[in-house]
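Heavy atoms only: backbone and side chains are in, while hydrogens, waters and symmetry mates are out. Throughout, protein chains are lettered first and strands after them, A, B, ... in sequence-line order, and every chain is numbered starting at 1.
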Number of protein chains: 2
Amino acid sequence: MKSVTRSLRILEAVARHQPVTLGELTKLFGLPKSTVQRTLVTLNEAGWLRANRRDTTRWEIGARVLAVRPAALQGSSLFAAAREPMIRLRDTVNETIHLSVPDALQCMVVVDRVDCDHAVRTFHAIGDTSPLHATAAGHAILAHLPNPEVEEFATGTFEGYGEETITDPEELRTELQRVRDRGYAVNHNQYLQGVCAIAAPVLDGEGTPLAAVAVSLPGSRFEPGRLPELGRLVAETAAEITARHLA
Amino acid sequence: MKSVTRSLRILEAVARHQPVTLGELTKLFGLPKSTVQRTLVTLNEAGWLRANRRDTTRWEIGARVLAVRPAALQGSSLFAAAREPMIRLRDTVNETIHLSVPDALQCMVVVDRVDCDHAVRTFHAIGDTSPLHATAAGHAILAHLPNPEVEEFATGTFEGYGEETITDPEELRTELQRVRDRGYAVNHNQYLQGVCAIAAPVLDGEGTPLAAVAVSLPGSRFEPGRLPELGRLVAETAAEITARHLA
DNA sequence: AACCTCCATGCCGTATTGTGGAACGCCGTG
DNA sequence: CACGGCGTTCCACAATACGGCATGGAGGTT
């Protein structure tokens, strides 16, 4: 359904560029004005878009989209359960904390973020995605998945992003075992150069992983000696979120 | 654009009923199976929907929508600015705190929530909507809007939800003046019976209201004597969020 | 086991629906 | 005052989505 696909792409474009004008969108997509215009009006009528209050020729996202929450958030209860432990972790380590969920084992999606106050920090926006095989959050999820699912995942090919990226299925399996042993996953330059992350999984009542909490910091600030302590703190935070979520 | 409108309604239905089957959706809308099916497949390809991992005949919301979510929160900076003051307010009063934004002066949408730990609490999920004229959050917004906009709003008719609901425009105007004088809005049984709320607005640099912070508690726990103190705390929290948001 | 029901999926002729070029009207500018 | 940029509206065309029907499994019942 062409018009539907296009509408959603326009919706996403509005989200990224808001508040945005019709003209800017037509340039962005190279579509006729009338087509984009009709789409915007339709999205507006549905409540997903609205005109900016100051400049009514500019469009922005309506609050309606908040009612549509991914199942991965367990209807926002996961979100709510994670918030305070994440803030506490940030206060303890003063580094940026992320909460990510797997999207159909395709990629990890950043769901929530608590910033540190260093001048130099890592930045991942809410909604950003990253590959499962090359991030700490992804490893934390994979390590706690039932074996058949991991095997199915390991049949795919793994894109490399640098020297550190694990592209060999066998190597990934041993790394996942290490993650299980330690209780947390570590990523240093596997995906984004200069970024280091330590992650642990949030589980549901049956032990399947729902999400991962991660501390993310610039490699320049990472001291290997702090790793065991950071890992322990992240794992504790994840465990606390798991517990709160079940309650 | 019929198909777009329908797709969005289906998307919302999936969000409300997820994980949901094709059959359930067709019954819900009274549409032919193939129509709904095609829509689901399209939404899935766009990444907004996905099949449930356990039961692949059930559909749920995909994580893609999160990319659009922050935009609904004024570029998420408001959201980030509000979070910690809200938690502090909750810690002080031990009641549930809500952050709501107006949706095109149609309704208030709950954007964020921090729970208290009482066994009896009010409950409004993130994404829930409520009428502007019958809630404390709505009054907090309306009270700080430029007069012409309020007048335009006051031309509509106000649905009543109980004896306390303000349905008369003139009465609303005097109530809004009272809100301005006090610095906070109060709602007792205007919308939902047995629920009491105290709210204050978060403003942008030019004084237009962006959102409202509210303390929400069961009427049974509300002591009129505490009102001035609660009102002061809510107003202070809102002011702090305003300040953080500008910084 | 054989039957039956429910459900998701694929197909295809039809006409409904969305398409996009063009013309219009409104501002702000040179 | 004329021009250029922009959002909005119109309309004939045909591409597109519609929905009835048929197919193929998966589960449950007798």
In this structure, how many angstroms lie between the [atom2] atom of [N] and the [atom1] atom of [X], rounded?
X: B:Asp55; N: C:dC7; atom1: CG; atom2: C1'; answer: 11 Å
X: A:Arg58; N: D:dG5; atom1: CZ; atom2: C1'; answer: 14 Å
X: B:Leu49; N: C:dA8; atom1: CG; atom2: P; answer: 13 Å
X: B:Leu40; N: C:dT9; atom1: CG; atom2: P; answer: 9 Å

**Asked** In terms of the nearest nucleotide of DNA chain D, which residue is placed more toward the 5' end: A:Lys27 or A:Met1?
**Response** A:Lys27

**Prompt:** How would nucleotides 7-15 of chain D be written as a contact map, 5' to 3', with B for base contact, S for sugar-phosphate-only contact and - for no contact, using protein heavy atoms under 4.0 Å?
**Reply:** BBB------

**Message:** Testing the 3.5 Å rule here: is there a donor-acceptor pair between the side chains of B:Thr21 and B:Thr57?
**Reply:** no

**Request:** Would you kindly say whether B:Trp59 and B:Glu24 are connected by a side-chain donor-acceptor distance under 3.5 Å?
**Result:** no

**Prompt:** Any ring pair (Phe, Tyr, Trp, His ring centres under 6.0 Å) pairs touching residues 135-157 of chain B, not counting sequence neighbours?
**Reply:** B:Phe153-B:Phe158

**Item:** Short side-chain N/O contact from B:Ser3 to OP1 or OP2 of C:dT17, under 4.0 Å
**Value:** no

**Asked** When you measure from the centre of the six-membered ring of A:Phe79, is the NZ or CZ of B:Arg69 under 6.0 Å away and within 45° of the axis?
**Response** yes

**Request:** Mind listing the closest non-hydrogen atom pair of A:Thr135 and A:Asn187 along with its distance?
**Result:** CA-ND2, 3.5 Å

**Prompt:** Listed by chain and number, what are the side chain to side chain donor-acceptor pair (under 3.5 Å) partners of B:Arg173, not counting sequence neighbours?
**Reply:** B:Glu151, B:Glu170

